[in-house]
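Structure first, commentary second.
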Amino acid sequence: MSQLLADFATALISGAVKVVDLSAPLGPNTPILYLPPEIGKNTPALKVHEISHYDKNGPFWAWNWFELGEHTGTHFDAPVHWISGKDHADGTTDRIPVKNFVAPVCVIDRSKEASENHDYLLTADSVRDWEKQHGAIEAGSWVLLRTDWYKRNGSSDTFLNADASGPHSPGPTAEAIQYLLSKNIIGWGSETIGTDAGSAAGMTPPFPAHHLVHQSNRYGLASLCNLDLLPPKGAILIAAPLKFVNGTGSPIRALALVP
Ligand code: 23J
Ligand code: MN
């Protein structure tokens, strides 16, 4: 076993294993989820407050503090984020077992479908087709939906993609999530503002990815980037939330180890 990590260290240093950044830049322009007032209150945008910048407020140092929502930018959804997961004793960011923050990852590429249909929904049959092509989704894996939607994250308009009928962005059906949970995945992730499709408020149950994933004490990842740099199978995902006490989620620096 010590040989395993020695070989891994060699692979990291030689570049045989690459570290890929799956996170979006986190700043005042990071798109924020918009919920109509009749559904709920919204997260304010990230705000940076300067404490000092090598000046009278701190002559030799620079530092800032933030107003920052838990669910801002590339982020982790903890089980207690949703009412269906509220009673999991280890369901807050500070109580999740850390072993769950490092896991293998399956990437389902539906970028073509999502570019042709902004309301594209991944079905359970489509997951089974992926498995026929790439092999079974193993227990303990992350499953990520690649849509290339992250290429739209430079502006809220293109990322949220809302019109009079509401937001239009791809996501999973309830049945796809049920199927993945039956395989005991560690969590579900997407490139969109949240883990659910833009149309998810009208689904049964509403926001099925949130409802079902967190009910099962599993985790969500939202606003992931660069999934087009990952293989369908064979990479390792590192996604650790900050240890917020009683936190429902956290911005993360999501990293993939890619052979
Ligand atoms: C609250 C209500 C609906 C949604 C979300 C949060 C998220 O996407 C989130 O960031 O968890 S869709
Ligand atoms: Mn979230």
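What you see below is based on every heavy atom in this structure, not just the backbone, and it leaves out hydrogens, waters and symmetry mates. In this chain, numbering begins with 1 at the start of the sequence shown. Atoms within each ligand, like the ligands themselves, are counted from 1 in listed order.
Side-chain atoms of Asp109 and Ser111 form a donor-acceptor pair, as typed in the model, at a separation below 3.5 Å. Ser250 and Glu70 are not linked by any side-chain donor-acceptor pair at a separation below 3.5 angstrom, with hydrogens and angles left out of the test.
Within ligand 1, counting atoms from 1 as listed, the ones closer than 4.0 Å to a heavy atom of Asp77 are 11 (O). With ligand atoms numbered from 1 in the order given, ligand 1 contributes 6 (C), 9 (C), 11 (O) to contacts under 4.0 Å with heavy atoms of His81. Within ligand 1, counting atoms from 1 as listed, the ones closer than 4.0 Å to a heavy atom of Gly194 are 8 (O).
Between His71, His210, His214, it is His210 that holds the heavy atom closest to atom 7 (C) of ligand 1.
Between NE2 of His75 and OD1 of Asp77, the angle at the Mn ion (ligand 2) works out to 90°, rounded to 10 degrees.
The aromatic rings of Trp149 and His118 sit perpendicular to each other, their planes meeting at more than 60°, with 30° as the lower class boundary.
The shortest contact between atom 10 (O) of ligand 1 and any protein heavy atom is with His75 NE2, 3.1 Å.
Side-chain N or O atoms of His214 include one that pairs as donor or acceptor with a backbone N or O of Arg218 at under 3.5 Å. Remark: the backbone N or O of Val107 is paired with a side-chain donor or acceptor of Trp130 at under 3.5 angstrom.
Contacts between Leu33 and ligand 1, counted as non-hydrogen atom pairs separated by less than 4.0 Å, involve the side chain only.
Using 4.0 Å as the threshold, Trp82 has a heavy atom nearer than that to some atom of ligand 1.
Residues Tyr34 and Pro167 are not in side-chain contact: their nearest non-hydrogen atoms beyond the backbone lie 4.5 Å or more apart.
The nearest N, O or S atom of His210 is not closer to the Mn ion (ligand 2) than 2.8 Å.
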